[in-house]
There are 2 protein chains.
Amino acid sequence: MTAEKRAAGRPRRIEKQQIVDVARRILQEEGVQALSMRRVAKEVGATPMALYHHVRDKDELLMLTLAGLAASIPRPELPADPRERVLVTALHIFTGLSGFPWAVDVLGLGELTDKGALWMPEEIIASCIACGQTHEEAVHTYRTLWYFLYGALRFTTAEARRAADPDRRPFFPNLLTPADADELPHLTSLSADWQELTRGYDIAVQLRAMIDGLLPPAT
Amino acid sequence: MTAEKRAAGRPRRIEKQQIVDVARRILQEEGVQALSMRRVAKEVGATPMALYHHVRDKDELLMLTLAGLAASIPRPELPADPRERVLVTALHIFTGLSGFPWAVDVLGLGELTDKGALWMPEEIIASCIACGQTHEEAVHTYRTLWYFLYGALRFTTAEARRAADPDRRPFFPNLLTPADADELPHLTSLSADWQELTRGYDIAVQLRAMIDGLLPPAT
DNA sequence: ACCTGAACACCGTTCAAGT
DNA sequence: ACCTGAACACCGTTCAAGT
């Protein structure tokens with residue numbers, strides 16, 4: 001079904017793949033806020049408008065950068081127990097995407113784009129069914145896990161970005177004062193070692209507990 | 001401690017509160033992508049640069065729009081059972097923020113800004129402790145619930161936005177073809193009624209299950 | 001102290017024209 | 001078919017000056 005390319009008309013000077021590659025490099029090196037159509041055009045050696053002959057708009061270009069990303073991450077060994085497979089696959093999504101903060105931003109656009117990533121929802125849904133869930137329940141469980149992973153990735157990467165910023169000043173440093181101890185006793189007593197508590201957060205522990213609640217009890 | 005305002009210098013023409021109010025109205029009516037400093041300045045009857053005398057930058061203005069939001073939402077009746085209190089409070093966060101999609105975007109900036117919202121983490125952490133968790137575990141549980149709620153809100157509001165768009169065309173309509181049935185059997189068989197499965201997703205059911213897994217078993 | 005004006009260095013995208 | 005050039009309608013923010 002792959003038709004020969006017609007040689008009619010003007011020969012193309014820039015390839016779609018080239019555009020996507022440049023975009024992905026900018027995203028990886030400088031993040032999503034650094035990517036602009038004009039910047040990509042310049043680095044690809046063309047006019048901004050030349051890009052629009054290859055992609056519909058900026059959102060499409062962003063989503064195209066996701067293609068092939070999953071294939072570049074080594075697939076993990078999956079255990080035999082289906083419950084453990086859910087955990088390991090979910091953790092793999094988290095650790096895999098941790099290295100690509102820009103991908104989390106792009107995934108927020110809400111459209112599936114990378115076919116090579118689909119084995120992960122497939123695996124989780126299949127394992128949930130193997131654990132005794134109906135097909136519908138399994139889809140819901142996957143969705144719940146994805147919402148959690150997305151949120152965790154968002155705040156983890158955002159915090160890492162802010163930590164890397166040399167001249168960051170908190171916007172509201174003293175939202176909580178000792179005077180709030182009456183109304184908010186736990187938050188005030190915990191606010192001192194909030195940073196340490198954040199470090200102690202273990203995504204694997206949380207995922208395991210979540211999965212325990214979401215899946216039917218083991219037989 | 002509230003010092004009298006010095007009347008020295010030029011009298012102010014625009015009040016900070018006025019700026020924040022206009023910004024919040026734009027956010028509520030047209031969403032976060034419609035808010036610009038220049039737009040706010042115009043509607044407030046001033047130069048773009050006048051705003052910078054009252055706020056540090058656009059991010060600070062965005063975060064200021066959150067102040068007082070929680071107080072505008074009626075506080076729910078909380079049940080006596082601490083486990084149920086966690087659920088009801090978490091659900092309240094979800095339903096409360098569902099009406100303010102822009103607030104979800106602003107919360108993604110990652111800084112706490114609305115003091116009136118702090119009773120919710122306080123309540124969840126206190127209830128988790130009442131259920132037998134340590135202070136540290138309770139903070140982790142809250143964080144896990146928040147990550148999930150944030151992800152759920154993100155995708156729910158994004159989907160609602162796209163559904164409201166009159167001329168939306170999916171970017172990648174046929175990512176999954178019948179030929180993928182070998183590799184991705186569940187996804188291909190489920191893709192037909194994916195919309196219906198999405199409608200059947202019940203956040204209360206998922207939260208209850210999550211909480212069951214996260215909290216120690218009831219005595 | 002508070003605000004203006006001009007400027008800098010950008011954006012995404014449409015449209016008409018060229019090869 | 002593919003690309004350019006010019007234009008439209010915007011951005012956030014700095015800086016020097018005015019009252």
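Lettering of chains follows the sequences in order, A, B, ..., and the numbering in each one begins at 1.
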Can you check whether Ala67(A)'s main-chain N or O pairs, donor with acceptor, with Arg24(A)'s side chain at less than 3.5 Å?
yes
Parallel under 30°, tilted from 30 to 60°, perpendicular over 60°: which one fits the rings of Phe155(A) and Tyr147(B)?
parallel
Length of the NZ-P vector between Lys42(B) and dA9(D), whole Å
11 Å
For dT4(C), take OP1 and OP2 only and decide whether either is under 4.0 Å from a side-chain N or O of Arg13(B).
yes
For Arg39(A) and dA9(C), what is the distance between atoms CZ and P respectively, to the nearest whole Å?
16 Å
For atom CE of Met49(A) and atom P of dT4(D), their distance in whole Å
11 Å
Rounded to whole Å, please give me the gap between CZ in Arg38(B) and C1' in dG5(C).
12 Å
Does OP1 or OP2 of dC3(D) have a side-chain N or O of Thr47(A) closer than 4.0 Å?
no
Could you tell me whether the side chain of Arg13(A) and the main chain of Gly45(A) form a donor-acceptor pair under 3.5 Å?
yes
Hey, is the side chain of His54(A) poking within less than 4.0 Å of OP1 or OP2 on dC3(D), counting only N and O atoms?
yes
Whole-Å distance separating the CD atom of Gln18(A) from the C1' atom of dC2(D):
14 Å
Hey, can you tell me if Phe100(B) and Trp102(B) have their rings parallel, tilted or perpendicular (30° and 60° cut-offs)?
perpendicular
If we call it a pair only when both distances are under 3.5 Å in a Watson-Crick or G-U wobble match, what pairs with dA6(C)?
dT14(D)
